There are 2 protein chains.
Amino acid sequence: MKMNEGVEWALHSCLNLAWIGADRAVTAARLAAYHALPTAYLNKQLQALARAGLVTSTPGPKGGFRLAKPLERITLMDVVTAIEGPDEAFRCAEIRKQGPGAQPEAAYRLPCAIAESMAAAELAWRKELAGTTLAQVRERAERRAPNAPGAIRRWFENS
Amino acid sequence: MKMNEGVEWALHSCLNLAWIGADRAVTAARLAAYHALPTAYLNKQLQALARAGLVTSTPGPKGGFRLAKPLERITLMDVVTAIEGPDEAFRCAEIRKQGPGAQPEAAYRLPCAIAESMAAAELAWRKELAGTTLAQVRERAERRAPNAPGAIRRWFENS
DNA sequence: GGGTGAATACTCGGATAAAGCCTGTCCGAGTAGTGACGG
DNA sequence: CCGTCACTACTCGGACAGGCTTTATCCGAGTATTCACCC
């Protein structure tokens, strides 16, 4: 079970976009260059964020991406769902219904106990993700590296 | 992000082994047949459980698998780790260290704020998994289908 | 009849292919800016 | 000099290959049983 690498890229890009400011659009190429990432592939991830309504995209010269909402209104869950899709990690294939021990359909009215237990654990994970906003992450990051926002802003302006 | 299908198979097989009883070894072929699963592949998963010390395996005629501990001492986390491996789903690639904004190594003493937030969420998931024993899952399953244990035991004996 | 030995059938275990998803790349549709041209 | 128009350059957007993990399979090492044979 491995999460898409694009999630990390999207999170970093969102923070960078926030530090740059929503008044200015930034191209995928610039965002990729800052972390030495493959441009076209990061573009793909940003498209996913755009479909999810987290960023807005404008084509043409002076185009690029910018945040659609303040970081206070974007959660980790939003980003993960945008990149990974809505499906749960543990998907019950209902193997209890297969094989010689199969029962009539009525016996499976109640959900599988195994699936339910796994879903409960995953719900705890999702709750934590949904309860953490990118604003909190940004705050934590700025406490770790107070001069990072200025440096990032400067680099993206001088280009 | 998709969890290995083998996790589901392993969990069902563990419960089946518990209902059958540890006094009798069950072959991978029988466990697979009961849920119409590919025999050799389920065998692979059971091998992983054996390496993790959750089941014991004995070769030869009258051989097979049996639980190594009571279900009270096996958690969902144990099974997931046995099948999926110990790696976390979100793996920080430290992309902050790459590109033109790279800083001297000393600036990265503290962990990445993004990685830390994602790890916190994943920890909540793991805690829930580690806090749920298979005994609890069995209990829940028996409440849902009280006659299942007897039926399973009977099917595995008549063979 | 009892014991011994070899042959046999059956199991796990790890090494070996096929499939699907993730990663990475490319080119086209559309837009803002720019320059030339005409009035 | 000003407005209009075509052109250019640049961006996102989705369609197109490559690599790696997951899924599935097969055959060999090892063991308990079974049967025949000998004492």
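The structure displayed is predicted, hence computed values, not measured ones. Residue numbering restarts at 1 for every chain, and letters A, B, ... go by the order of the sequence lines.
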Counting just side-chain N and O atoms, does [X] come under 4.0 Å of either OP1 or OP2 of [N]?
| X | N | value |
| --- | --- | --- |
| B:T39 | D:dT25 | no |
| A:K2 | C:dT23 | yes |
| A:R30 | D:dC10 | no |
| A:R51 | D:dG14 | yes |
| B:T58 | C:dC12 | no |

Nucleotide nearest [X] (side chain, heavy atoms from C-beta), chosen from [options]:
| X | options | result |
| --- | --- | --- |
| A:W9 | C:dG24, D:dT23, C:dG13 | C:dG24 |
| B:P59 | C:dT11, D:dC12, C:dG24 | C:dT11 |
| B:S57 | D:dT11, C:dG24, C:dC12 | C:dC12 |
| B:A40 | D:dC26, C:dT25, C:dG13 | D:dC26 |
| B:Q47 | D:dT22, C:dG13, D:dG13 | C:dG13 |

What closest approach, in Å, do A:A82 and A:A48 show between heavy atoms, and which atom pair accounts for it? O-CB, 3.7 Å
Heavy-atom pair with the smallest gap, counting every atom of A:E122 and A:F90: OE1-N, 3.3 Å
In whole Å, what is the span from the [atom1] atom of [X] to the [atom2] atom of [N]?
| X | N | atom1 | atom2 | value |
| --- | --- | --- | --- | --- |
| B:Y41 | C:dG14 | OH | P | 16 Å |
| B:Q45 | D:dA24 | CD | C1' | 11 Å |
| A:E84 | C:dC21 | CD | P | 13 Å |
| A:E5 | C:dC21 | CD | C1' | 14 Å |
| B:I83 | D:dA24 | CD1 | P | 14 Å |
| A:N4 | C:dC22 | CG | P | 5 Å |
| A:L46 | D:dC12 | CG | P | 8 Å |
| A:M3 | C:dT23 | CE | P | 11 Å |

With nearest nucleotide decided by heavy atoms, which residue, A:P61 or A:L42, maps closer to the 5′ end of DNA chain C? A:L42
Closest nucleotide of DNA chain C for A:K44 versus for B:G63: which of these residues is on the 5' side? B:G63
Side-chain donor-acceptor pair present, A:D78, A:T75, cut-off under 3.5 Å: yes
Both A:N43 and A:M1 contact DNA chain D. Taking the nearest nucleotide for each, which residue is further toward the 5' end? A:N43
State the CH2-CD1 distance between B:W19 and B:I152, to the nearest 0.5 angstrom. 4.5 Å
Using a 4.0 Å heavy-atom cut-off across all strands, classify A:A28 as base, sugar-phosphate, or nothing. sugar-phosphate
Relative to each other, are the rings of B:F156 and B:Y34 parallel, tilted or perpendicular (30° and 60° limits)? tilted
Tell me whether the count of non-hydrogen atoms from other residues, nucleotides or ligands lying under 6.0 Å of CZ in B:R91 goes above 12. yes
